[in-house]
Each structure stands twice: as C-alpha cells, then as structure tokens.
Asks: 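Handing you this structure, nothing more for now.
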Amino acid sequence: MKLIDGNTIAKSIIEDLTIKVSRIKKGKPCVAFIRVGKDPASISYVRKKQKTAEAIGIDSELTILPEDISQDALFSKIDILNKDDRINGILIQAPLPDHIDETATFNRVSPDKDVDGFHTLNIGKLCQEDPSGFVACTPAGIVELIRHSKIDTEGKHVVVLGRSQIVGKPSALLMIRKELPGNATVTICHSRTQNLHKITQQADILIAAIGKAHFVTKAMITKGVSIIDVGINRIPDASKKSGFRLVGDVDFEEVSPFCEHITPVPGGVGPMTVAMLMQNTLNAFLKKHSIKM
Ligand code: GUN
C-alpha cells in the first residue's frame, strides 16, 4: 500500500508558485474571499486559504457577511469585487445559507475571476476540454494527486461516488478527458444507485466524495484499487481538545491494507484544493496582464 502524501505534493506546488509570484515585476495577484455566516468548517477553510496565499506572496481580502444577508446584498458585494481592478480571483465559500441560490451566486462572479471554477461558462469549458477556463480546485487537485502518484488511468475504470457540482461531476469530466491523467471509463454512483458495492468492486480507481464518514468498507472494494478519499467528516472524539476528529468517506483502517494507493484524511486531497486555488489565482493574474511564465 502506498500512501499518497497530499501535504508533500501540495508543498512542492506551493514552492513553485512562490518562485513564480516572486518573479512578477509589476503588481501582485489578489484573491477575495466571501464568507457568509459562522460555519466552523468554512471559517477554518478560509483561514487556511488566506494563510497559504500570504506564504506564497498572493494578497487576499476577506468579506464576512451575516447569515441572514439577502441575495441582492450578496450580489451587490460580488458586483463590487467584479469591478475592482486589484482583485484577480473571487471565492465564495460554500455551503451558503438555504435562502441563497448557490448556482445564481456562483454565476454572478465574473468568469475571468472565477478561481473556484463554478461558473456555468467554466463548467462548459471543462465539458468541451477548453483549457482557457478555470477547473474547480478539488477536482483539479485530485488529478494532480493521480499524476504525481503515477496512477495509470488510461482505459481504467474510475468509479466516482457522489454527483455534486463541486466534486463528483467535474472529477468525472476530468477523468474522461482525452489526455492523461484521463482517458478513463467513468461510472458515477450516487444515493439512488442500485447494487452499489457491485459497481465499486469493479473500480481500478475509486474517488469517494459523498460526505459520509467511513462509508467505503472492505466489502465494497477489490484488492489493488487506488482510492482518492475526498470526504472531510467531523466525528466526535473526546480525546481531542476540539472534541472532534476528521475522517474521510473511507474506513481507512479496514480498507487501506488492500489498496495499491490511498489518500489519508487529513493530509490527502485537502491541501491540494488550497494549492490549486492559488494556482488558479496566479493564472487569473497572468492572463489579465498577458504574462507568460
Ligand atoms: N466548500 C467546500 N469546498 C469548496 C470549494 O472548493 N470552494 C468553495 N468556494 N467552497 C467550498
């Protein structure tokens, strides 16, 4: 079993980005975060993204909006950031409160500043394999983990567990691209899938993105599978100061001895999401200033 060390892979990408940012002669990339409400996970993710930006030399700013913000007021804030010449990337941390239309909100962001890759135009470009668009950070991070780990995807069966807009669907689109890592045969499974274990047992590569702790068990896999565990689930743990610990969608202890490769949680996909966001922000800046690196 080979453990895929997302921390180390993300670190090397961040080092590369730090060098590139230091070579910029005029100006600095800048990413703007919007956080709505007080979700503890969102607070922690945005803090991590800001700290990483700072370490690279990318500027960031954070707008915190109240949980009961109106859709119109949220749109007005996005419009201001869209028009602000200093801002290269805009990220609205999900999940948003129930009264906010998430898709409409993501589509309010200028496609040129959509470093999250959630705008309809960028999803369309991903479908068309047009490299001028932004790819969502977690799926892009999954691809980089697979590339760095030299996991062969050509003609292989990739099973994606979960059909979310943020992870499941774009990951499947990346895996069927006519380039490597890609060229895979992809099956997307979800909550209505029948005989799920029969399908997951056929996976050469399993991407688990359903948000259910310890969902993938030994009975669902075949020896030699490579697993990318996207889940970040908080489960109670009295021995921790915080009162919880993070686990993935995979029962790591039970499943990992039978895997060719597997990502840990934490320390697998999570750090890659942040690294890809930084890469998208730098790319937005370079494109705006017509700089080639
Ligand atoms: N919430 C969970 N993952 C993400 C992400 O990649 N981007 C944003 N904006 N929100 C998220």
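Order of appearance sets the numbers: ligands from 1, and atoms from 1 within every ligand.
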Asks: Does a salt bridge link Lys2 with Glu260, judged by any charged N lying under 4.0 Å from a carboxylate O?
Replies: yes
Asks: In plain terms, say whether Glu61 and Arg86 are close enough for a salt bridge, that is, a side-chain N and a carboxylate O under 4.0 Å apart.
Replies: yes
Asks: Under 6.0 Å from the ring centre and within 45 degrees of the ring axis: does the NZ or CZ of Lys218 meet both conditions for the six-membered ring of Phe258?
Replies: yes
Asks: State, without any angle test, whether Thr222 and Gln201 hold a side-chain donor-acceptor pair at a distance under 3.5 Å.
Replies: no
Asks: If we count only N and O atoms by modelled type, under 3.5 Å, do the side chains of Lys169 and Ser164 hold a donor and an acceptor together?
Replies: no
Asks: Out of all atoms in ligand 1, which are within 4.0 Å of some heavy atom of Asp116? Include the element for each.
Replies: 5 (C), 6 (O), 7 (N), 8 (C), 9 (N)
Asks: Ligand 1 and Thr273, any nitrogen or oxygen pair closer than 3.5 angstrom?
Replies: no
Asks: Ile92 heavy atoms, cut-off 4.0 Å: which ligand 1 atoms fall inside?
Replies: 8 (C), 9 (N)
Asks: Within the structure, is a non-hydrogen atom of Tyr45 found at a distance of less than 4.0 Å from ligand 1?
Replies: no
Asks: Taking N or O atoms only and a 3.5 Å limit, does Ala94 qualify as a polar contact for ligand 1?
Replies: yes
Asks: Quick check against the 3.5 Å criterion: does Asn195 have a side-chain atom that pairs as donor or acceptor with the backbone of Lys198?
Replies: no
Asks: Is Cys137 touching ligand 1 with its side chain, its backbone, both, or neither, if touching means heavy atoms under 4.0 Å apart?
Replies: neither
Asks: Run down the list Glu102, Met276, Gln93, Lys49 and name the one with the heavy atom closest to atom 11 (C) of ligand 1.
Replies: Gln93
Asks: Quick one: which ligand 1 atoms are inside 4.0 Å of a heavy atom on Leu91?
Replies: 9 (N)
Asks: Name the closest protein heavy atom to atom 3 (N) of ligand 1, giving the residue it belongs to and the distance to 0.1 Å.
Replies: Ile166 CG2, 4.3 Å
Asks: Using 4.0 Å as the upper bound for N to carboxylate O, is an ion pair formed by Asp237 and Arg245?
Replies: yes
